[in-house]
A.B. asks: 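The structure that follows is given in the form of structure tokens.
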Protein chains: 2
Amino acid sequence: MDQVSQQKSPAARRPTIADIAKIVGVSKVSVSNALNGQPGVSDATRAKVVAAAEELGFVRNSAARALSGAKAAAVGLALCRPARMLGTEPFFMELIGGIEKVLSDASYSLALQVVPDHDRGLEAYRRWWGERHIDGAILVDLRENDARVPALEEMGLPTVVIGHPSGAGTLTPVWSDDAAAVRETMEYLAALGHQRVARVAGLTGLVHTSLRDHAFAEACADLGLQAQPVVHTDYTGEEGARATRRLLLSAGRPTAVLYDNDIMAVAGLSVAQEMGLQVPRDLSIVAWDDSPLAQVVRPPLTALSRDIHAYGANAARTLLALVTDRRAAGYEDLAPRLTPRGSTAPPAA
Amino acid sequence: MDQVSQQKSPAARRPTIADIAKIVGVSKVSVSNALNGQPGVSDATRAKVVAAAEELGFVRNSAARALSGAKAAAVGLALCRPARMLGTEPFFMELIGGIEKVLSDASYSLALQVVPDHDRGLEAYRRWWGERHIDGAILVDLRENDARVPALEEMGLPTVVIGHPSGAGTLTPVWSDDAAAVRETMEYLAALGHQRVARVAGLTGLVHTSLRDHAFAEACADLGLQAQPVVHTDYTGEEGARATRRLLLSAGRPTAVLYDNDIMAVAGLSVAQEMGLQVPRDLSIVAWDDSPLAQVVRPPLTALSRDIHAYGANAARTLLALVTDRRAAGYEDLAPRLTPRGSTAPPAA
DNA sequence: GCCAGGCGCTTAACCGATTAACTACCGAGA
DNA sequence: TCTCGGTAGTTAATCGGTTAAGCGCCTGGC
């Protein structure tokens, strides 16, 4: 009786190459070769094998395959954000969409984990790599002196860093020239006649934040604009609103604000309107990252648009190359381009 | 020379239980038992094994483990959305955040794939399950007569459906009572004195859309409100804006609109303001799903809020129970609750 | 007529862990 | 003294594939 209960129900057993081999009347190896397009199998045999596999509904057991040294056909992404912040940012969903597109065309899948901090993220990468769940990884939210970079280098995990080469160590970077975008924006605002431009930035410590901070300060100096405070936030609408309120109440308030994402820009727009300021007459607003959101508000926001989907796709393509050839060149994507809309104009008076 | 090149570089080889066995001087089996907390190993031996494993940086090869019948410790989610729509909806990111939270606490990971349509989604589930990559699945965007339901049933893949039981077949549903939320909202609007309430709905064919449509029609009838058109959209701000424009230009325009998500509600708000209507004096707006976005616009939007993070967490918990015990009860989450804010008021005259 | 070489297929060994079955030993109870 | 039972370990077989090596057989070139 015990033996019966230990036996798997027949329906539950999934067909293996051995089953196919028995049906066709050849060895396991021939079946394996036939199904994998390896040479050494006659067309007739191959056809019979394929037919039998089809009929049995055969699916490769990738565990067994992996055990014999095959690829995992997956890459990992540990997204390090407090859960609360995830929903608000369109950026990552679009990025993931782009990554996914390329991966699934190559029959790769994406292992995704949302983690609260970088340590947990590193842990996820380590586990995936150790367990051979993934062949490569994508690193986002690059911080200055990011501890994950040397750790991943040491692990030998093929990794693409979404972020500036300066912080990527020997890992392969995929990035866009944020400094150029800041410069372009500042020149545009200066040309409109703005003298006091403020910046509502994202998290300090992130490489791209400080790159933009830098470029912002430099542009102010070069263009002879008055130094305005840079306010750092956590990217949420709430903090964007608070930062805006503070800026607009300060003496010598700015006539233009550059926001580090569109959520904050929209929040800032609301605050300005609430305070009785007209946009763009009294305040010009520029959003970093363009999304439908930036276009549906009134006035529609002048934004630094970039094709995030393509950005993700390029990262995935680079990673696939890295996984396959063990090496790949970094990739510089297009710089975000300024898309003027109704939220920017010369300052009144 | 050929032999040399075939040999793996020594650094690349990862330690196995055999290596540990050799060091400690016991058999592989004892190492396995020691590391898994199985009985039959003395404390002294166990300690030595653990120490050696630590020192070697041993990580279990889960492929080998899976081959011996272990769980994959992962669940799958094929997100079926055109890429373009992903970024705009906070819903899924929050949902995934909630799912992830529970999964990662249980050391499970999430296999995510973004697919263009349901067929490709089903394909992904089939592949994952066939390859033993996942132990269970989560199904979202449930359609009426969804072909994926019978397919997953037949595959025997433990699945939690996020959606109403009526469409889930024998799969385990996790849902919330949308009809009740619609009723509550309509009663509230009727109590404010609205006679003409319109609805800007999501995609037709989705189970929850038609449930809401139904509840909407029923509530109109019960409350003696004038029948107003229901406009179906693809959830984007653009379509939300267009639908709103159409509604506001129609004869006997509505005094209140219920939107199926917050993006469209925000877009609708902008359209109304653009057309010179005051919200809420001339038009009341209610958004389905509350997000920071709904709160940062002016006026802040009255919304049907629900804890999406918790919703995802409950789904994941249910799935884990299903995977572990091969059975689990469905779970009805809290109905979305109406959160009145500044966008609703009695209609002007 | 002999050998080289390619084709189609086979057997053997292996990947790294798990489970089953069996052995050796020690102490306690009859 | 013999047996029973439990502990701590062993060896062998298994999961489902892949790779390496080898074996007939046929063809073609000299």
Side-chain angles (χ1 to χ4, degrees), chain A residues 2-3 5-8 12-50 52-53 56-73 129-133, chain B residues 2-8 12-49 52-53 56-73 129-133:
Chain A
D2 272 359
Q3 286 144 334
S5 72
Q6 277 164 19
Q7 186 190 327
K8 300 251 167 67
R13 243 201 97 252
R14 295 169 164 272
T16 71
I17 54 168
D19 298 325
I20 300 177
K22 206 182 305 168
I23 291 180
V24 179
V26 294
S27 70
K28 286 198 316 178
V29 175
S30 293
V31 174
S32 171
N33 287 333
L35 293 174
N36 291 320
Q38 296 296 109
V41 187
S42 68
D43 288 351
T45 304
R46 192 182 302 271
K48 276 193 278 185
V49 166
V50 169
L56 263 60
F58 170 78
V59 194
R60 254 185 211 81
N61 182 328
S62 72
R65 179 173 242 208
L67 196 49
S68 305
K71 294 221 170 291
W129 181 233
E131 295 182 344
R132 283 92 170 157
H133 264 325
Chain B
D2 272 357
Q3 286 145 334
V4 171
S5 72
Q6 277 164 20
Q7 186 190 327
K8 299 249 164 68
R13 240 199 101 253
R14 293 165 168 273
T16 71
I17 55 170
D19 298 325
I20 300 177
K22 206 181 304 170
I23 292 180
V24 179
V26 293
S27 70
K28 285 196 321 179
V29 175
S30 293
V31 173
S32 172
N33 287 333
L35 292 174
N36 290 319
Q38 296 296 111
V41 187
S42 69
D43 288 351
T45 304
R46 193 183 302 271
K48 276 192 279 185
V49 167
L56 263 59
F58 170 78
V59 193
R60 252 186 213 78
N61 181 329
S62 72
R65 183 173 236 209
L67 198 49
S68 305
K71 295 219 169 293
W129 180 233
E131 295 181 345
R132 281 90 169 161
H133 261 326

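Source: prediction; values computed, not measured.
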A.B. asks: When the distance from CG of B:Asn33 to P of D:dT11 is rounded to whole Å, what number comes out?
C.D. replies: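 Distance, rounded to whole Å: 14 Å.
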A.B. asks: Taking CZ from A:Phe58 and C1' from D:dG16, how many angstroms apart are they, rounded to a whole number?
C.D. replies: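 Atom-to-atom, A:Phe58 to D:dG16, this comes out as 8 Å.
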A.B. asks: For B:Ser30, which contact category applies under a 4.0 Å heavy-atom criterion: base, sugar-phosphate, or nothing?
C.D. replies: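 It contacts base atoms.
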A.B. asks: Closer to the 5' end of DNA chain C via nearest nucleotide, is it B:Leu67 or B:Gln38?
C.D. replies: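 The residue closer to the strand's 5' end, by nearest nucleotide, is B:Leu67.
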A.B. asks: Closest to the A:Ser32 side chain: D:dT18, C:dA17, D:dT10?
C.D. replies: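 Looking only at heavy atoms from C-beta outward on A:Ser32, the closest nucleotide is D:dT18.
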A.B. asks: Have a look at A:Ser27 and say if it touches a base, only the backbone sugar-phosphate, or nothing, with a 4.0 Å heavy-atom cut-off.
C.D. replies: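 Result for A:Ser27 = base.
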A.B. asks: Can you check the A:Asn36 CG to C:dG8 P distance for me, whole Å?
C.D. replies: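 From A:Asn36 CG to C:dG8 P: 17 Å.
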A.B. asks: Any base atoms under 4.0 Å from A:Ser42, or only sugar-phosphate, or nothing? Heavy atoms, all strands.
C.D. replies: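 The residue A:Ser42 makes sugar-phosphate contact but no base contact.
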A.B. asks: In whole Å, I'd like the distance from the CZ atom of B:Arg46 to the C1' atom of D:dT7.
C.D. replies: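 These atoms are roughly 12 Å apart.
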A.B. asks: Would you kindly give the NZ-to-C1' distance between A:Lys28 and C:dA12, to the nearest whole Å?
C.D. replies: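 The answer, rounded to whole Å, is 11 Å.
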A.B. asks: So A:Arg60 and A:Asn36, do their side chains get closer than 4.5 Å, heavy atoms only?
C.D. replies: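 In short, these two side chains touch, coming nearer than 4.5 Å.
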A.B. asks: Show me the side-chain donor-acceptor pairs of residues 15-27 of chain A shorter than 3.5 Å, one per line, residues at least two apart or across chains.
C.D. replies:
| unit_1 | atom_1 | unit_2 | atom_2 | d |
| --- | --- | --- | --- | --- |
| A:Thr16 | OG1 | A:Ala18 | N | 3.1 |
| A:Asp19 | OD2 | A:Arg13 | NH2 | 3.2 |
| A:Asp19 | OD2 | A:Thr16 | N | 2.9 |
| A:Ser27 | OG | A:Ser30 | N | 3.4 |

A.B. asks: Write down the atom of A:Asn61, the atom of A:Ala63, and the distance for their closest heavy-atom approach.
C.D. replies: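 So the two residues come closest at OD1-N, 2.8 Å.
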A.B. asks: Mind calculating the distance between CD1 (A:Ile17) and C1' (C:dC9) to the nearest angstrom?
C.D. replies: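 In whole Å, C:dC9 C1' and A:Ile17 CD1 are 14 Å from each other.
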A.B. asks: For A:Val29, answer base if it contacts any base atom (sugar-phosphate contacts may also be present), sugar-phosphate if it contacts only those atoms, and nothing otherwise; contact means non-hydrogen atoms under 4.0 Å.
C.D. replies: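 Contact class for A:Val29: base.
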A.B. asks: For A:Val59 and for B:Val41, find the nucleotide of DNA chain D with the closest heavy atom, then tell me which residue's nucleotide is more 5'.
C.D. replies: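 Upstream on the strand: B:Val41.
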A.B. asks: Check the distance between D:dG17's P and B:Asn61's CG and give it to me in whole angstrom.
C.D. replies: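 Atom-to-atom, B:Asn61 to D:dG17, this comes out as 16 Å.
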A.B. asks: Specify the separation, in whole Å, of atom CG of B:Asp19 and atom P of C:dG16.
C.D. replies: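 From B:Asp19 CG to C:dG16 P: 8 Å.
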A.B. asks: Which nucleotide, D:dG9, C:dT10, D:dG17, lies nearest any side-chain atom of A:Ala64?
C.D. replies: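 It is D:dG17.
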